[in-house]
Amino acid sequence: MASLNVGNLGEYLREQRRNAQLSLRQLADAAGVSNPYLSQIERGLRKPSAEVLQQVAKALRISAETLYVRAGILDAERDREDVETRAVVLADPSLNERQKQVLLQIYESFRKENGFGGDADDPATAPDRPAADAPDGGASISGHRSPTAGGSDAGPQQTAG
């Protein structure tokens, strides 16, 4: 079956809104969307964008990734570990919002580097990846210098052991 799973999303949103003791109008205001649009989402008549889902999730103080899965934007099985990792980061009360976003960006960059998520082989989406011909795995990235004690770019190499 090729249903959009939007009804399930609407029911879930309504439940979360009621648990947060918010009216439809209060949630719409907090999320920055119109009251009729939010009502249509809850009734399963509209499929919101990921951006709208993120705004609603923030207003409800719940995981945006959970809403993405319920809306069919993320595949629950394939992306479960990724979603769980993101949810744990977003739920951590010891981190502020900026720290959470930075941590998630770093996490995503490592996933892309390792071939999971996004277009890992597209140089336009990964400008900081090392050149393919760098034999040392990218120790020298264009535009970046490694700090050396002597101030010379051609300092002595150290060997372990």
Side-chain angles (χ1 to χ4, degrees), residues 1-134 137-138 141-144:
M1 213 187 302
S3 70
L4 291 176
N5 210 15
V6 178
N8 185 15
L9 170 68
E11 293 169 15
Y12 181 75
L13 280 177
R14 183 178 299 118
E15 178 184 324
Q16 294 301 311
R17 177 177 58 78
R18 289 179 176 162
N19 287 343
Q21 298 180 344
L22 293 172
S23 70
L24 192 65
R25 185 174 307 278
Q26 288 171 321
L27 178 57
D29 288 343
V33 298
S34 75
N35 190 31
Y37 182 61
L38 185 58
S39 174
Q40 290 173 347
I41 294 170
E42 281 194 0
R43 290 181 288 143
L45 302 175
R46 294 275 187 153
K47 181 176 180 182
S49 68
E51 182 179 317
V52 168
L53 288 175
Q54 184 175 15
Q55 291 170 226
V56 170
K58 188 174 182 180
L60 288 171
R61 297 177 186 236
I62 62 174
S63 165
E65 283 77 13
T66 300
L67 296 183
Y68 296 160
V69 169
R70 289 189 178 264
I73 294 172
L74 287 178
D75 179 2
E77 290 302 315
R78 188 190 67 185
D79 297 325
R80 183 177 3 167
E81 289 178 2
D82 179 45
V83 169
E84 289 173 355
T85 301
R86 291 172 181 276
V88 168
V89 170
L90 291 170
D92 189 335
S94 66
L95 300 174
N96 65 37
E97 289 304 313
R98 183 188 62 79
Q99 291 168 331
K100 290 175 185 180
Q101 291 306 314
V102 168
L103 190 54
L104 289 175
Q105 288 172 354
I106 293 168
Y107 171 69
E108 185 60 31
S109 72
F110 283 142
R111 285 181 49 84
K112 285 181 181 179
E113 183 178 308
N114 293 334
F116 297 95
D119 239 349
D121 295 326
D122 183 1
T125 61
D128 290 333
R129 290 190 67 192
D133 57 346
I141 298 174
S142 177
H144 299 294

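Along the sequence shown, the residues carry numbers beginning at 1.
Within the 3.5 Å criterion, the main-chain N or O of Q40 finds no donor-acceptor partner in the side chain of R46. Judged purely by atom type and a 3.5 angstrom limit, K100 has no side-chain atom pairing as donor or acceptor with the backbone of V89.
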Legend entry - Residue pair R17, E42: steps toward the salt bridge (charged side-chain N to carboxylate O under 4.0 Å, His left out) verdict: CA-CA 10 Å; R17 177 177 58 78; E42 281 194 0; 2.7 Å; yes
Inset, instruction - Go through the steps for L60 and L13 under the test side-chain contact (heavy atoms from CB on, under 4.5 Å), then give the verdict. - result: CA-CA 9 Å; L60 288 171; L13 280 177; 3.9 Å; yes
Inset, instruction - Mind running side-chain contact (heavy atoms from CB on, under 4.5 Å) on I41 and V52 for me, showing each step along the way? - result: CA-CA 10 Å; I41 294 170; V52 168; 4.2 Å; yes
Inset, instruction - Take K58 and Q55, measure what side-chain contact (heavy atoms from CB on, under 4.5 Å) needs, and give me the verdict at the end. - result: CA-CA 5 Å; K58 188 174 182 180; Q55 291 170 226; 5.8 Å; no
Inset, instruction - Evaluate the criterion side-chain contact (heavy atoms from CB on, under 4.5 Å) for residue pair N19 and Q16; output intermediate values, then yes/no. - result: CA-CA 5 Å; N19 287 343; Q16 294 301 311; 4.2 Å; yes
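Here the side chains of P48 and L9 are in contact, with some heavy-atom distance below 4.5 Å. Counting heavy atoms from C-beta outward, L90 and Q101 have side chains that approach closer than 4.5 Å.
Nearest heavy atom pair, residue Y37 against residue K47, reads OH-O, 4.3 Å. Scanning both residues, A28 and L38, for their nearest heavy atoms gives N-CD2, 3.5 Å. The minimum heavy-atom distance between Q54 and A64, with the atom names listed, is CA-CB, 4.1 Å.
With sequence neighbours excluded, the residues satisfying side chain to side chain contact (heavy atoms under 4.5 Å, CB included) with Q26 are L22, S23.
Taken from CG in L53 to CD in E65, the straight-line distance is 10.5 Å, to the nearest 0.5 Å. Atoms CG and OH, from N8 and Y12 in turn, are 10.0 Å apart once rounded to the nearest 0.5 Å. Atom CG in L27 sits 11.5 Å away from atom OG in S39 (nearest 0.5 Å). To the nearest 0.5 Å, atoms CZ (R18) and CG (L24) are separated by 9.5 Å.
Electrostatic pairing of E11 and R14 does not count as a salt bridge here, judged by no charged N lying under 4.0 Å from a carboxylate O.
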